[in-house]
Trainee: 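Just passing along the structure, written as structure tokens.
These figures come from a predicted structure and were not determined experimentally. Positions are given from 1 along the sequence.
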Amino acid sequence: MDALFVPLAGAVGASVDQVKLISCLLIAYPLGSVFVRIPSDKPTLRHLFNISVSLFYFFPMLGMYTGFLQLLGDILITYFAAKFSSTSKIMPWFIFLFILGHLMFNHIIRVIYDLSYETIEVTGPQMVLTMKLTTFAWNVWDGRRDPKDLDKWQLEKSVREFPSLLEFLGYALYFPGVLVGPSLEFTDYINLVHERTFTAPGKHEGGRRLPAGRKRVGYRKMVTGLAFLGVFVVFGGSNNYSVMVTPWFAEQSWLKRVLLAQLYGTCERTKYYAIWTLTEGASILTGNGFTGFTPTGQSTWNGAANVIPTVIEFPSNFKVLLDSWNMKANVWLRECVYKRITPKGQKPGFWSSMLTFATSAFWHGAQVGYYLTFLMGGFITSAARLARMNFRPFFLPAEGQPITTAKRLYDFVGALISLLVLNYVASPFMLLTWENSIIGWTRLGWYGHVVIMGSLLFFYVGGSGFCRSLQKKRGISSKKVASASGAATPVAEKTFQVPPALDKIVPPPI
């Protein structure tokens, strides 16, 4: 089918693989409307529909024959290992290590063959499938445990009745998310197929148990995703991080290079915004992502989101920025790694965080650039938290008082610094190699390292102590300091895609 896409690829300046991927995501929209018209009392047809559409994607559309066989192998190994060893404590860890190891093997193959991100191959769908299969293994294990030993999420997602092979294949090959996500848990998939998620008081479509508003939100996501895609097509070809390693970029002034890096970062992210928003909209059309009703009875559909672009481009701080990126991966890391490696009766500590970060790094790939970005992330989160703890209390208004101009200025400066640091630290993630990453950072004058390491140096050589003593002199309560710092962040709100923050390992003197 490549001949059908070559002219379009040439017209928009994209690779044939990219055009085929976007075509699959757009085809999912009308197919989503077909899916919901299959009666929910005939779940077998819905499972078969998911499988058939995914086979269409992998075979005639993408030509990913051997890749699909690898994915099918992972699916079958997970299914039968969980089926015949569901009561074994080793089962979820075996599946986790096997599936993640297989993914890492393919990541290494991708590096060996030097495949660019424009090439669509097995690791993309495999990353999504890794989250789904390993989560399923833990959900099955939770279904065999005493409910009193489970937390709220584990209890809601636990699988107590083992599925048929057809049900599991339908889940693994759920077509709106099979290529790039979003990932979902098995119980959510089954509830979707049987339309158990949807309850009154909102309006419903026809005679189906499907809230009104699904199409409005879904197609709005499609328009938004296409808008992001248009920005990337028009501007992304000449405004991306690869320009940073060209002789032309080196000839520009330092200030211009820094400003260009901000443009490059935004343009690079638009392709992720486009893909994740498009697949979110298609998922919503099948009924996935329903999160309840507003007080006025209007349906809300936030459960399939994987990114919140407005928060990333206009962040109030670096933490909320990270929380709004690749959100499904963060949930997976929290529920399938962070909580699982902590012995019962103990609180998660440094090693829980470090092993969770290592999993995140391996899951993303084998390129050096990923690790440079992630490792820097640990220092950034530490510097950001120390800044909130030491500076923010001075700008918080008294309880019951309106926000001051100083607080608004503080928020603006914080958002600006967060975005500057993001566009700096993200460059190796796209440049991939050690050589290009170092060239890119060098041509930016290492400003991100200066800001972050300089901040940490300030806090560790007495800055934290000075700020705390000044807070006491001004009568700033410890409650306000704790609120500003986010020191007691609940597990459900933690970010797991970067290593543990430095201040959590070695607190600065105060």
Trainee: Which ring-ring contact (aromatic ring centres under 6.0 Å, His included) pairs, counting each pair once, include a residue from residues 294-322, with sequence neighbours left out?
Mentor: Phe290-Trp301

Trainee: For Glu335, is there any backbone N or O sitting under 3.5 Å from a side-chain donor or acceptor partner on Arg340?
Mentor: yes

Trainee: Any donor and acceptor pair, going by atom type alone, linking the side chain of Arg37 with main-chain N or O of Ser33 inside 3.5 Å?
Mentor: yes

Trainee: Using side-chain hydrogen bond (donor to acceptor under 3.5 Å, both in side chains) as the criterion, list what pairs up with Glu313, not counting sequence neighbours.
Mentor: Thr266, Arg269, Tyr273

Trainee: Got a sec, which residues hit side-chain contact (heavy atoms from CB on, under 4.5 Å) with Phe374, two or more places apart in sequence or on another chain?
Mentor: Phe357, Ala361, His364, Tyr370, Phe429

Trainee: For Glu167, what residues pass the salt bridge (charged side-chain N to carboxylate O under 4.0 Å, His left out) criterion, not counting sequence neighbours?
Mentor: none

Trainee: Please enumerate all residues that pass side-chain hydrogen bond (donor to acceptor under 3.5 Å, both in side chains) together with Thr300, with sequence neighbours excluded.
Mentor: Thr291

Trainee: Is there a side-chain contact between Leu422 and Ile380, using heavy atoms and a 4.5 Å cut-off?
Mentor: no

Trainee: Measuring from atom CD of Glu121 to atom CD1 of Ile109, what distance do you get when rounded to the nearest 0.5 angstrom?
Mentor: 10.0 Å

Trainee: Could you go step by step and tell me if Leu285 and Val36 meet the side-chain contact (heavy atoms from CB on, under 4.5 Å) rule?
Mentor: CA-CA 8 Å; Leu285 287 183; Val36 298; over 6 Å; no

Trainee: Who passes ring pair (Phe, Tyr, Trp, His ring centres under 6.0 Å) against Tyr29, sequence neighbours left out?
Mentor: Tyr219

Trainee: Under a 3.5 Å distance rule, please check whether Ser158 uses its side chain to pair with a backbone N or O of Leu155 as donor and acceptor.
Mentor: yes

Trainee: So, are Glu280 and Lys328 salt-bridged, with charged N and O less than 4.0 Å apart?
Mentor: no

Trainee: Of all residues at least two apart in sequence or in a different chain, which pass the side-chain contact (heavy atoms from CB on, under 4.5 Å) check with Ser382?
Mentor: Leu386, Leu456, Ala501, Leu502, Asp503

Trainee: Counting heavy atoms not belonging to Phe362, are there more than 12 under 6.0 Å from its CZ?
Mentor: no

Trainee: Could you walk me through whether Asp151 and Lys339 satisfy the side-chain contact (heavy atoms from CB on, under 4.5 Å) test, starting with their C-alpha distance in whole Å, then the side-chain angles of each, then the deciding distance to 0.1 Å, before giving a yes or no?
Mentor: CA-CA 10 Å; Asp151 61 27; Lys339 288 183 179 179; 2.8 Å; yes

Trainee: Could you tell me whether the side chain of Ser299 and the main chain of Ala212 form a donor-acceptor pair under 3.5 Å?
Mentor: yes

Trainee: With a cut-off of 6.0 Å (strictly less than), are more than 12 heavy atoms of other residues, nucleotides or ligands near CD of Glu156?
Mentor: yes

Trainee: Test side-chain hydrogen bond (donor to acceptor under 3.5 Å, both in side chains) on Gln126 and His102; report intermediate values, then the result.
Mentor: CA-CA 9 Å; Gln126 192 176 12; His102 183 201; 3.2 Å; yes

Trainee: What residues form a side-chain hydrogen bond (donor to acceptor under 3.5 Å, both in side chains) with Thr342, not counting sequence neighbours?
Mentor: Ser352

Trainee: Show me the pairs that pass ring-ring contact (aromatic ring centres under 6.0 Å, His included) and involve residues 59-94, at least two apart or across chains.
Mentor: Phe58-Phe68, Phe59-Tyr65, Phe59-Phe68, Tyr79-Phe162, Tyr79-Phe168, Trp93-Phe96, Trp93-Trp138

Trainee: Determine whether Phe228 and Trp276 satisfy the following criterion, side-chain contact (heavy atoms from CB on, under 4.5 Å), listing intermediate values before the conclusion.
Mentor: CA-CA 10 Å; Phe228 282 127; Trp276 281 337; over 6 Å; no

Trainee: Quick one: does Thr135's side chain have a donor or acceptor within less than 3.5 Å of a partner on Lys132's backbone?
Mentor: no

Trainee: Can you tell me how far the CG atom of Asp74 sits from the CG atom of Leu69, to the nearest 0.5 Å?
Mentor: 11.5 Å

Trainee: If you round to the nearest 0.5 Å, how far is CG of Leu133 from CD1 of Ile95?
Mentor: 8.0 Å

Trainee: Just to verify, what does Trp141 make a side-chain hydrogen bond (donor to acceptor under 3.5 Å, both in side chains) with, not counting sequence neighbours?
Mentor: none

Trainee: Please tell me if the side chains of Phe98 and Ile77 come closer than 4.5 Å, counting only heavy atoms from C-beta onward.
Mentor: yes

Trainee: Which residue in the set Asn326, Thr279, Asn330 passes side-chain hydrogen bond (donor to acceptor under 3.5 Å, both in side chains) when paired with Asn306?
Mentor: Asn326

Trainee: Would you tabulate the side-chain donor-acceptor contacts of residues 172-194 under 3.5 Å, counting partners in other chains and residues two or more places apart, or write 'none'?
Mentor:
unit_1: Tyr174; atom_1: OH; unit_2: Thr286; atom_2: OG1; d: 2.5
unit_1: Asp188; atom_1: OD1; unit_2: Lys157; atom_2: NZ; d: 3.1
unit_1: Asp188; atom_1: OD2; unit_2: Lys157; atom_2: NZ; d: 2.9
unit_1: Tyr189; atom_1: OH; unit_2: His47; atom_2: ND1; d: 2.8
unit_1: Tyr189; atom_1: OH; unit_2: Asn50; atom_2: ND2; d: 3.0
unit_1: Tyr189; atom_1: OH; unit_2: Gly170; atom_2: O; d: 3.4
unit_1: Asn191; atom_1: ND2; unit_2: Thr187; atom_2: O; d: 3.1

Trainee: Can any side-chain N or O of Thr359 pair as donor or acceptor with the backbone N or O of Leu355 at less than 3.5 Å?
Mentor: yes

Trainee: Kindly compute the distance separating OG1 (Thr87) from CZ (Arg145), expressed to the nearest 0.5 Å.
Mentor: 13.5 Å

Trainee: With a sphere of 6.0 Å drawn around CD1 of Ile90, does it hold more than 12 non-hydrogen atoms of other residues, nucleotides or ligands?
Mentor: no

Trainee: First locate atom OG of Ser316, then atom CZ of Arg388, and finally report the distance between them rounded to the nearest 0.5 Å.
Mentor: 9.0 Å

Trainee: What's the spacing between Asn436 CG and Leu432 CG if we round to 0.5 Å?
Mentor: 8.5 Å

Trainee: In sequence, state the C-alpha distance, the side-chain angles, and the governing distance for Arg216 and Gln298, and then conclude on side-chain contact (heavy atoms from CB on, under 4.5 Å).
Mentor: CA-CA 11 Å; Arg216 169 182 52 82; Gln298 188 176 42; 3.3 Å; yes

Trainee: Would you please name every residue forming a ring pair (Phe, Tyr, Trp, His ring centres under 6.0 Å) with Trp363, sequence neighbours left out?
Mentor: Trp332

